[in-house]
Structures are given as C-alpha cells and as structure tokens.
Amino acid sequence: MYDIKKWENNLIEDIGRKRFEHSKRVMDAAIKLNNDLDEDFVRTAAILHDCAKYNEKKYLKLYGDNINKSDLEFKNVIHSFLGAEVAKKVYNINNEYILDAIRFHTTGRASMTKLDKIIYLADAIESKRNYPGVDQIRKLAENDMDKAILYSLSRNITYLVEKSILIHPLTIEAYNYLIREHNE
Ligand SMILES: [Fe+2]
Ligand SMILES: [Fe+2]
C-alpha cells in the first residue's frame, strides 16, 4: 500500500516541494504518536493528507460531484474532503480508514478513529508548526491524544470566532463529543 517513492514525483507536482516537506514532517509526527497501528498505514494517510491542497479548482472539476454542495463555502476545509477523493482516484487508496483520516484532518469529527486522531494531531504539531499554544498541544499529545485534540479544537474555534470565519459543523461535533467524554 505505502509507496512514497512511487507517489513522490506526483505529489511534489501536485502540492509543491514545500507542502511535500510539511507532509513528510506530518508523517514523522504521526509515527511518533502511533502505538499500535501498522506503520505503513499511518505513513500513507500522513503523506497524502494534503494531496488536494493546491489544485482545488482542477480537482473540484474532476471529483467535485462527490463533495457536498453545502461544504463548498468552507474554504479552508474543502481540500480535506477533496483530498479523500484524490487519494482514491489518483493514488489508488481504497482503505476507508485512510480516506477518512484525510477527509477529516481539518475539521475533526465526532468519535474519531485512532488514525483520524493521529493525522489531525500530527498535522497540528509537526516540528515546524509555530503558533501560540502549539507547545501545549505537543505536551498534551504525549499522554492523551483526546485532551490534545480538544485543546486544539478549542483554540481553533476561538480563532475562527475572533476572525469571523465560518466554523464547519463537524468541528463543533468533534468538540461537543470530546467535551461530553471529558465530563463523563
Ligand atoms: Fe490540510
Ligand atoms: Fe497539512
């Protein structure tokens, strides 16, 4: 399944060298967060997670039929949903867990799978990420991925509210889910 050499040229062409390097750092962070999942499975989701990042227009034309029309207004999220389609069609990924981890890496969702959590967090804390709160997320992630995700979601939601940017419903669902679990 995992074949970075085979995908490398295509990926670099698709997302550029810089984003490719980001994806490799996400892969490293994901491997560190992983305990018991197959490593190639984790690597595949990580390296491909942003595969639709810079060709949204082209890919929307090709695979946009599979995207909910109501999602199109969430500009910063759309590359994730589209990414799952591109991973399937261009990179021949059929594993639903991998496709879901790509699909939900920006929004999160209620009851995230272990792979969803790893990719979401690895994307947030890869070694070159540098924003207020990132060290706190890194620290929390060492012991409890759910706490780290909840903190990251909270920061994210606060940021979006402050900037008057739309919040995708899945992000609220992810947040509510973790709050309920936390309060149980
Ligand atoms: Fe992304
Ligand atoms: Fe990313």
Side-chain angles (χ1 to χ4, degrees), residues 2 4 7-8 10-34 41-60 62-64 66-68 71-91 93 97-109 112-135 137-138 141 145 148-149 151-153 155-157 159-160 163 165-175:
Y2 176 80
I4 188 170
W7 295 331
E8 187 167 334
N10 206 351
L11 250 185
I12 292 172
E13 210 171 286
D14 248 6
I15 63 177
R17 169 72 59 185
K18 231 177 127 189
R19 184 61 43 174
F20 178 71
E21 293 300 330
H22 156 73
S23 299
K24 284 212 292 194
R25 290 192 300 274
V26 170
M27 194 166 79
D28 293 340
I31 289 299
K32 276 190 203 148
L33 290 168
N34 179 43
F41 176 71
V42 175
R43 282 198 183 91
T44 302
I47 201 73
L48 293 177
H49 81 282
D50 271 338
C51 66
K53 183 89 181 175
Y54 295 114
N55 282 307
E56 280 181 21
K57 275 200 184 127
K58 176 181 103 183
Y59 284 134
L60 269 174
L62 288 169
Y63 312 125
N66 296 331
I67 305 289
N68 291 329
D71 284 332
L72 293 174
E73 63 176 338
F74 298 93
K75 301 271 182 263
N76 47 351
V77 168
I78 200 74
H79 78 278
S80 325
F81 299 136
L82 205 47
E85 303 305 317
V86 174
K88 201 193 299 183
K89 305 275 173 23
V90 178
Y91 297 93
I93 303 299
Y97 288 95
I98 292 176
L99 296 175
D100 277 349
I102 295 172
R103 187 174 286 122
F104 301 112
H105 83 263
T106 311
T107 54
R109 60 167 165 167
M112 292 165 83
T113 66
K114 202 176 271 183
L115 186 64
D116 288 357
K117 291 177 186 180
I118 289 173
I119 300 303
Y120 176 94
L121 266 184
D123 192 29
I125 65 173
E126 59 94 333
S127 59
K128 289 212 171 158
R129 288 288 196 209
N130 183 16
Y131 54 87
V134 68
D135 284 332
I137 303 173
R138 287 191 178 112
M145 288 211 284
I149 292 170
Y151 184 73
S152 170
L153 286 168
R155 304 268 330 194
N156 225 337
I157 290 169
Y159 172 84
L160 294 169
K163 299 272 175 197
I165 299 172
L166 287 172
I167 303 173
H168 195 283
L170 284 172
T171 299
I172 306 288
E173 283 174 28
Y175 172 83

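Whatever order the structure lists them in is the order used to number ligands and atoms, beginning at 1.
- With sequence neighbours left out, the salt bridge (charged side-chain N to carboxylate O under 4.0 Å, His left out) criterion links Arg25 to Glu126.
- Paired with Asp14 under the rule side-chain hydrogen bond (donor to acceptor under 3.5 Å, both in side chains), one option of Tyr54, Tyr91, Trp7 passes, and it is Tyr91.
- You'll find the side chain of His168 reaches within 4.5 Å of the side chain of Asp71, heavy atoms only.
- Panel note: side chain Arg129, backbone Asp123; a donor-acceptor pair is recorded below 3.5 Å.
- Nearest N, O or S atom of His22 to the Fe ion (ligand 2): atom NE2.
- Below the 2.8 Å limit, the Fe ion (ligand 1) has as protein N, O or S neighbours Asp50 OD1, His79 NE2, His105 NE2.
- The shortest side-chain heavy-atom distance between Asn76 and Thr106 does not fall under the 4.5 Å cut-off.
- Of the candidates Val26, Val42, Ile31, Ile118 forms a side chain to side chain contact (heavy atoms under 4.5 Å, CB included) with just one, namely Val42.
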